[in-house]
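Input: a single structure, listed below in C-alpha cells.
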Amino acid sequence: MQHTTKQNLKKRLFSVSLIALVVSACQSDMKSIEPEIGLKDAYADKFLVGATMNDHMVADHSLANTQIVKKHFSSATMDNSFKWGPFNPEPNIYNLTGPNNFADFTHDNGITPVGHVLYWHSQTPDWVFKDGEGNLLTRDALLQRMRERAKFMAKHFGDKIKVWDVVNEAIEDDGSLRRSLYNKIIGDDFIEQAFIIANEELPADAVKLYNDYGMTRKGRVSTVIKMVNDFKARNIPIDAIGIQGHWSMKDPSVEEIDANLTALAATGLKLHITELDVDYLGRENLWGANVDLDKIVANAENNPYPDGNFPASADKALGDRYAEIFTVFLKHHENIDRVTFWGVTDADSWLNSWPVAGRTNYPLLFNRDASPKNALEQVISVGLHYK
Ligand code: GLA
C-alpha cells in the first residue's frame, strides 16, 4: 500500500518535472534547464542524497551552492571543518564557527548532517601524536587523546550530528592495515579501539561508520568484511560501512560495484556512499609514464577543456555514467542509506588539483556557474523511473 502511494507520487512528480522542462526550454536558450524537483525528491523513498559544504556555504545562505543544497540534497557533510587539523589545530584551540553554522543550517533545513571525520591519518596535526617534549605518545596516552576528541564532539554537538565517520582509510589496497601513526602507536587494534571509544562517548543514536576508498579492491574489501564480522562476533559496535566512491568514467565497472555492494551488504551493516564523484578527465593514461604524480602538470592532452566549457556530448557521457551507477545503487537501495557527492559544483572539486595540478575537471552534476548539467536531469530521471 505504502509502496503504491510512493510510486504514484513519483509518477506525479515526474510528469510535473517534464512539463516544467518543456516550459523552461521554450522560455530560454540556456544550455541547461533547472529541474522542477530536487534530486533528493527523486530518491526520497530510497536513500538520502547528500553533498559536501564548506565554511562559506554555511555562513552565507544566499550563495548559489547553499541554495542548491537546500533544493537538491537531504544530507550534508563538511568537506574539511570537522577534520582534526582544521577543527583543533593546536591543543585547546578550536575552530567552531563553521561546524556550528553547519549544525544550525542542517537542523533548520531538515538535512541529515554527517561528521567527517574523527580519526584519519591525514589532515591531523603532529601535536596529536606527541607529548610536550616532542616524543611519540604511549598507546594509552593516544587512546586518551582520541577519547577527549570524541567527548568534546559529544559535549559540544550533543545529538545534532546524526552520522559519524569514525575511522577513515585505515586499510590498504592489498588488505593490510595502514601503518599510520595511529597503527604504530596503538597497534593493530586501532580501528577496534576507535569504535569502542566512539560508542562510549558519542550519542547512542548516531550512526558510526568505517569509511574507505577503493572499496572494489579485493584485498581491502575482504579485510573490511572480515573486520566487520569479527566486530559483530565480539560485540564491538559498528553501524555502517562508508564507500567513498571516487570513481572515473570506466573504473570500477558497474559489475564490480554491484558485486562489492552485495558482498559488503552481506555483513548486515548499512552502506553509505560517502564521497561520490566521477573523474571525467581520468587518470588512466597518467600512471604509465612512471613519473612522480605531483610532477604532472596540466597540458592540452590531460586538460582538454581548460576554459570551463564542458561540451554537450561530454555532459551526456557523464550523465550516462552516473545513470548506470545510480541504477546499481537503486538495485541495492534496501541496504544503502545515503549517497553523498564530494562537492556541489565542479568549481568545488578536489579533482581540479589531483592528480594533476591545475586541471579544469568536470566530475559533479552542477557546472562552475552553479547551473545544473544535463547529467543532473539524467540522474533525476533514473530515480523517477525506478520501479
Ligand atoms: C578523502 C577524504 C576526504 C577528502 C577527499 C578528497 O577521500 O576522506 O575528506 O579529503 O579525500 O579530497
Side-chain angles (χ1 to χ4, degrees), residues 50-58 65 73 75-89 95 98-99 102 113-125 128 149 153 161 163-173 178 180-183 190-191 194 198 207-217 220-221 224 240-248 251-252 257 260 271-283 286 293-294 296 325 338-365:
T52 51
M53 303 188 76
N54 58 35
D55 286 352
H56 302 295
M57 290 167 67
V58 291
N65 278 24
F73 297 103
S75 176
T77 305
M78 288 297 269
D79 58 0
N80 277 307
S81 310
F82 280 79
K83 292 172 179 171
W84 203 322
F87 190 91
N88 181 195
N95 294 320
F102 172 72
V114 178
H116 173 77
V117 45
L118 278 184
Y119 312 118
W120 186 28
H121 64 280
S122 184
Q123 290 187 259
T124 299
V128 167
R149 175 161 160 82
M153 296 301 188
I161 304 298
V163 181
W164 280 101
D165 293 350
V166 175
V167 175
N168 196 24
E169 302 179 351
I171 299 168
E172 302 276 9
D173 273 0
R178 183 186 291 278
S180 66
L181 278 179
Y182 282 115
N183 175 279
F190 151 58
I191 308 177
V207 174
K208 298 164 191 92
L209 61 84
Y210 175 79
N211 192 46
D212 218 323
Y213 63 82
M215 292 287 268
T216 53
R217 302 277 174 265
R220 179 176 293 106
V221 172
V224 169
I241 300 172
I243 297 156
Q244 290 187 2
H246 293 296
W247 293 333
S248 63
D251 182 36
I257 297 172
N260 284 286
L271 308 178
H272 290 222
I273 313 298
T274 53
E275 308 186 13
L276 182 63
D277 49 27
V278 170
D279 182 353
Y280 181 81
L281 298 181
R283 318 156 198 169
L286 300 173
L293 279 181
D294 57 8
I296 300 177
I325 290 172
R338 171 173 63 99
V339 176
T340 291
F341 288 83
W342 201 253
V344 175
T345 77
D346 287 339
D348 312 324
S349 177
W350 69 298
L351 295 170
N352 293 308
S353 51
W354 187 91
V356 178
R359 281 213 287 199
T360 309
N361 214 333
Y362 300 84
L364 296 166
L365 298 182

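Values below: every heavy atom of this structure, side chains too, minus hydrogens, waters and symmetry copies. Counting starts at 1 for both ligands and their atoms, in listed order.
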Notebook entry, point to check: Which atoms from ligand 1 have a heavy atom of Asn168 less than 4.0 Å away?
Noted result: 2 (C), 8 (O)
Next item on the list: Pick out which of Asn211, Asn168, Asp165 makes a side-chain hydrogen bond (donor to acceptor under 3.5 Å, both in side chains) with Thr274.
Entry: Asn211
Next item on the list: Report the part of Trp120 in contact with ligand 1, treating N, CA, C, O as backbone and CB onward as side chain, heavy atoms under 4.0 Å; options are side chain, backbone, both, neither.
Entry: side chain
Notebook entry, point to check: Closest non-hydrogen protein atom to atom 11 (O) of ligand 1, residue and atom name please, with distance?
Noted result: Glu275 OE1, 3.8 Å
Note to self: Closer than 4.0 Å to some heavy atom of His246 - which atoms of ligand 1 meet that?
What the structure shows: 5 (C), 7 (O)
Next item on the list: Can you sort out which atoms of ligand 1 are near Lys83, meaning under 4.0 Å from one of its heavy atoms?
Entry: 3 (C), 4 (C), 9 (O), 10 (O)
Item checked: Mutual orientation of the aromatic rings belonging to Trp354 and Trp350 [parallel < 30°, tilted 30-60°, perpendicular > 60°] -> parallel
Next item on the list: Give yes or no for whether the N/O distance cutoff of 3.5 Å, strictly under, is met between Trp350 and ligand 1.
Entry: no
Notebook entry, point to check: Parallel, tilted or perpendicular: which describes the rings of Trp342 and His246, with under 30° parallel and over 60° perpendicular?
Noted result: perpendicular
Notebook entry, point to check: Purely on distance, is any nitrogen or oxygen of Asn211 under 3.5 Å from one on ligand 1?
Noted result: no
Item checked: atom 9 (O) of ligand 1: the protein heavy-atom neighbour that sits closest, reported with distance to 0.1 Å -> His116 NE2, 2.6 Å
Notebook entry, point to check: Between Phe190 and Tyr182, what is the ring plane arrangement, given parallel below 30°, perpendicular above 60°, and tilted in between?
Noted result: parallel
Check: Hey, does the side chain of Arg220 reach the backbone of Ile171 with a donor-acceptor pair shorter than 3.5 angstrom?
Finding: yes
Next item on the list: Indicate yes or no: does Arg359 engage Asp346 in a salt bridge with an N to O separation below 4.0 Å.
Entry: no
Next item on the list: Examine the proximity of ligand 1 to Trp342 and report which part, side chain or backbone, both or neither, has a heavy atom under 4.0 Å away.
Entry: side chain
